[in-house]
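What follows is a set of notes on a single structure, which appears directly below.
Computed over heavy atoms, backbone and side chain alike; hydrogens, waters and symmetry mates excluded. Keep in mind that this is a model prediction, so the values were computed, not measured.
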Amino acid sequence: MKQKILFTFIESGFGHISSMESIYAALTDKFGDSYDIERCNIMTDDGLPHLVKMDKFIIDQVKNTNKIPMFGKWVFPFIGFLGGHKLVRFFHRQMAVKSFREGLEALRRREPNVIITNHYFTNLLAVEYKRRIDPDAVVINYNPDITLHTFWDKRDGIFVVNSEMAYKKALKYRFKPELLRCVTPCVNMTAENNTLTRAQLRDKLGLPQDKFTVVVADGGYMLGRGPKLARALIKSKLPITLCIIAGKNDKRLKEFTEIAEGKRRLKVSPETTVKVYPFLTNAYELYGAADVFLTKGGPNAVLDSIYMRTPVIIDYCPHVIEEATAKLYVKTLRCGETAFTKRKAVKRIRRMMEDRSDLDRYVENIEKFVATGNGAGKVADIIATEADVQRKAYAARGVEFDTAACALSLAATEFARNAPEAADVQITINDEAPADITVSK
C-alpha cells in the first residue's frame, strides 16, 4: 500500500488549474512510482448538487471581478476588514453549510493521506477534513498569486508562497513561520520544456512568418478590456497578425469570428491578419509565436508568456492580486510594460514595430528570470518530504506503507528543511538603465 496524495483541482480563473497542473506533473515525474497520486475536480466530479452550485458561485465571483468596475478593488480589502479568513469560515460553515458538508464528503470518499490545494475554499475543506475526519492527514497549499489575501485558512498545513511579497504578507497575517515555504513561481512544465523557436511555432500554428504578431487574451472568460483593445487594433489597420483568444466566452468568440470573416460593420484591413480562437489548452504556444502578448494581469498567463520568451503588455488589473503581478513582472523584473488605455496600447505596439530595442531588452530580462527555475519541482520536493514525515509517524504506530517506494532523496529532504527562508530570488535593478536587471539565487 502506498500513501495517497490527492490534488484538488478547482476552476476559479484558469490560473488555479494551470499552477496545479504544473505541480501535479512535477510530482508525477519525480515521485510517480512512490505514491498513489490522484487528481480530481473536487467541486464537480461527484456531482454533489450543493458543491456544484458553490463551484458556479465561485466562478461567477471571478467573472464579476473582471466585468464589474471596481468590484475586485473593494471586495478583497472589504472582506479583510470584516475578518478575512474568519468571515470566510463562518460563511461556509454556517451559511453555505450544505456545500461545505458535501466538500468534506468528497474528500472522505477518497481517503487521502496528503491533500494538495491551491484555492482558499479547497484549503478550508482540507483543514476541516483534518480536524474533523482524519487528524493524520497532511495539508499542503500552494498560493498561485504573487501577493496574499486574507481568505486563506492559516490554522494548519504547510503553506507555500512564490514571492518574497507573499511571504512577508503571510508573516503580517500571522501565519506560523514554521509552516511557511517560499519557492519560485510554478509554471506549466510544457511551456518550460518547449524547444520550438518563434518561427517554428508560427509554422505549426499556421501564422504568417513575416508579420509582427500580437496575441490578445483576457483570462479564460474575456470579460476585461481585451475586446476593446482587439477592436482598437483592428481599427488601427496596422500590418500585424492579431490573434484573439476568446476563451470560454461564446459571445466574444462569435463576434470576433464574424469580424474576421467580414460579416460585421467593423472591417479588417487587407494589411491585417486576424485569427480567432476559443479556450486553448496550448495557449502558451500562441504566446511563444507572438512578438508581444497583450493581456490582463493574471499571474499564470503572464508567467506562461514569460517562459515562452515573449514580453507582455498588461492592460488591466481588476484587483490587488493582478496589481501585484504587474508590480513584479513589469516594474521590478522589467519583462514587459503596462498600457491601460486603447490609445496607449496601439501606440506602443506601433512603436515596437518600428524599433524592437525595448522588446529585446525585455527578452534579456526574461532570460535572467527564467534562469531562477520553475518552482513546481521544489513544491514536489516539499510534498514528498512531508509525506515522508507522515510515513515515519505511521511507522512509529505500527502502520507500514511501501517504505522502499516512499524513500526520498537526500536532496529533496534538505531542500524542504531550508525552504522557509524566502531567499529564492534576489533582484538588483540598474537605476540608470531601468530595463536592465540582475536576478540571482
Is it true that the side chains of Thr117 and Asn141 contain a donor and an acceptor less than 3.5 Å apart? yes

All pairs passing side-chain hydrogen bond (donor to acceptor under 3.5 Å, both in side chains) where residues 206-216 contributes a residue, at least two apart: Arg202-Thr213, Lys211-Thr273

Report yes or no: do Asn188 and Thr190 form a side-chain donor-acceptor pair below 3.5 Å? yes

Has Lys154 got a side-chain atom pairing as donor or acceptor with Tyr173's backbone, closer than 3.5 angstrom? yes

Test: side-chain hydrogen bond (donor to acceptor under 3.5 Å, both in side chains). Region: residues 242-253. Which pairs qualify, not counting sequence neighbours? Arg252-Glu255

With distance as the sole criterion, is a donor-acceptor pair present between the side chains of Thr310 and Arg198 under 3.5 Å? yes

For the salt bridge (charged side-chain N to carboxylate O under 4.0 Å, His left out) test, which of Lys73, Lys327, Lys296 pairs with Glu322? Lys296

Side-chain (Asp45) to main-chain (Asn41) donor-acceptor, under 3.5 angstrom: yes

Just how far is it from atom CD1 of Ile42 to atom CG of Leu107, taken to the nearest 0.5 Å? 4.5 Å

For Tyr329 together with Phe369, are the ring centres under 6.0 Å from each other? yes

Among side-chain atoms of Tyr142 and Asn162, is any donor-acceptor pair under 3.5 angstrom? yes

Would the distance check show the side chain of Lys267 and the main-chain N or O of Gly262 forming a donor-acceptor pair, the cut-off being under 3.5 Å? yes

Do Ser12 and His119 have side-chain N/O donor and acceptor atoms under 3.5 Å apart? yes

For the residue pair Glu337 / Tyr362, report whether a side-chain donor-acceptor contact shorter than 3.5 Å exists. yes

So, does Thr184 use its side chain to make a donor-acceptor pair with the main chain of Gly373 at under 3.5 Å? yes

Could you check whether Asp203 and Gln200, counting side-chain N and O atoms only, form a donor-acceptor pair closer than 3.5 Å? no

Measure the CD-CZ distance between Glu261 and Phe256 for me, rounded to the nearest 0.5 Å. 13.5 Å

